[in-house]
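Written below as structure tokens is the structure these notes are about.
So you know, we letter chains A, B, ... as the sequences are listed, proteins then strands, and number each from 1.
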There are 2 protein chains.
Amino acid sequence: MTPRSGARERLLGAAETLFADQGVAATPVDQVLARAGVAPATLYAHFGSKAGLQAAVLDARLARWDAAWAAAVDAAPDDRGRLLAVFDALDTFARGGAPSRWCTFLATAADTELLRSRLTELAGPVAGDGAAELAEHLLVVVSGTLAMRLRPGADSAVARGRATAEALVSSV
Amino acid sequence: MTPRSGARERLLGAAETLFADQGVAATPVDQVLARAGVAPATLYAHFGSKAGLQAAVLDARLARWDAAWAAAVDAAPDDRGRLLAVFDALDTFARGGAPSRWCTFLATAADTELLRSRLTELAGPVAGDGAAELAEHLLVVVSGTLAMRLRPGADSAVARGRATAEALVSSV
DNA sequence: GTCTATAGCTTGATAGAC
DNA sequence: GTCTATCAAGCTATAGAC
């Protein structure tokens with residue numbers, strides 16, 4: 001917890017948008033600095049390197065995703081709704097002005113395991129002994145939904161993914 | 001059709017591997033040249049630019065994927081098998097020594113439409129009126145399978161994707 | 001068609017003042 | 001902690017000989 005620093009927050013915000021829109025490699029540090037209105041040395045004082053900044057951006061995103069998913073689960077009315085709440089959270093994230101390629105951060109190892117374990121847990125009340133299998137199916141569908149958001153027709157990606165998930169849940 | 005040129009083929013092969021393993025942006029032209037054993041000017045004579053080389057690599061890949069899928073469909077015994085043949089083709093590609101991140105090329109617009117239309121066609125005999133809907137579900141699953149191959153546990157990605165697809169087909 | 005050599009630019013990161 | 005100014009390295013692409 002660095003003593004509150006406007007520059008730090010602005011750097012994280014600028015980097016998140018630019019990295020997501022253009023890709024990390026295609027985004028020069030100078031561009032992040034310009035958008036944040038910060039000097040080069042300040043960035044290196046806070047994050048050490050471009051890679052350090054990237055890591056900090058991913059961490060921040062993961063934490064927000066985590067919170068959004070938890071909130072969606074809490075808001076759901078029943079077991080089936082809680083299992084499918086991932087898609088509500090995806091929808092929130094997608095509509096919430098987040099960069100169009102925000103989903104790339106989900107391609108990390110930590111996140112895959114998080115998804116798998118939570119989905120298995122949530123699938124329990126719905127599928128009983130078949131919970132692990134259903135969770136595995138839903139993991140594929142969630143991954144596919146993220147992938148679809150990278151392509152044309154991204155707007156309807158979450159809705160289509162949810163429809164597929166519902167078909168799977170109903171077939172249990 | 002350039003007069004047969006060993007350099008051209010070597011460049012395509014080297015670029016395919018390196019681009020897939022490291023990403024295009026992270027791969028310097030020099031590295032492609034070194035692996036191919038070719039001089040800079042030769043690359044620019046054939047492809048005009050790094051982007052031109054990248055485009056040529058994608059074209060070649062798409063053509064091979066196309067052929068592999070068609071072969072898998074032909075080899076399948078029945079309608080259901082033909083519909084699920086995408087996964088046979090994915091398996092062939094994945095095992096065939098292709099770079100671990102080969103799937104990135106499937107994130108193109110052209111390919112998305114190709115997938116959708118062919119899957120819809122193949123779903124006809126299996127799902128009748130529900131063909132379009134089933135194809136849409138399978139499109140999500142195929143995309144998810146590709147995404148899973150980018151993460152740890154990639155080896156079993158195709159098998160798990162196929163299992164999800166079978167659950168969907170069976171529920172029709 | 002292919003080579004060697006190099007131009008010209010952009011990048012990530014640092015030095016030193018305040 | 002933040003700034004201005006700058007370095008050293010790496011990149012893509014081209015020139016010119018064979």
Between A:A45 and B:T27, who's closer to the 5' end of DNA chain D by nearest nucleotide? A:A45

Could you check how far [atom1] of [X] sits from [atom2] of [N], rounded to whole Å?
X	N	atom1	atom2	answer
B:L33	D:dA13	CG	P	11 Å
A:H46	D:dG1	NE2	P	6 Å
B:D30	D:dT12	CG	P	7 Å
A:L43	D:dT4	CG	C1'	16 Å
B:K50	D:dG10	NZ	P	15 Å
A:F47	D:dG1	CZ	P	12 Å
B:Q54	D:dA13	CD	P	11 Å
B:L11	C:dG1	CG	P	13 Å

Have a look at A:G37 and say if it touches a base, only the backbone sugar-phosphate, or nothing, with a 4.0 Å heavy-atom cut-off. sugar-phosphate

Please determine, for the side chain of [X], which listed nucleotide ([options]) has the closest atom?
X	options	answer
B:T42	D:dT12, C:dT4, C:dT2	C:dT2
B:V38	D:dT12, C:dA15, C:dC3	C:dC3
B:P40	D:dC3, C:dT4, D:dC11	C:dT4
B:P28	D:dT14, D:dT12, C:dG12	D:dT12

Distance check: side-chain N/O of B:S49 vs OP1/OP2 of D:dT12, anything under 4.0 Å? no

Can you find a side chain N or O atom of B:Y44 that sits less than 4.0 Å from OP1 or OP2 on D:dT14?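 No.
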
With rounding to the nearest 0.5 angstrom, report the CD to CG distance, B:E9 to B:L11.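 These two atoms lie 9.5 Å from each other.
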
Roughly how far, to the nearest 0.5 Å, is CG of A:L84 from CZ of A:F87?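 These two atoms lie 7.0 Å from each other.
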
Partner of B:T164 under side-chain contact (heavy atoms from CB on, under 4.5 Å), chosen from B:V140, B:V141, B:L138: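 Looking at B:V140, B:V141, B:L138, the match for B:T164 under the side-chain contact (heavy atoms from CB on, under 4.5 Å) is B:V141.
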
Have B:S143 and A:R151 got a donor and an acceptor in their side chains that come within less than 3.5 Å?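 Yes.
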
Which comes earlier along DNA chain C counting from the 5' end, the contact point of A:V24 or that of A:A41, where each point is its nearest nucleotide?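 In this pair, the answer is A:V24.
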
Could you go step by step and tell me if B:R95 and B:D155 meet the salt bridge (Lys or Arg N to Asp or Glu O under 4.0 Å) rule? CA-CA 9 Å; B:R95 292 183 198 282; B:D155 288 345; over 6 Å; no

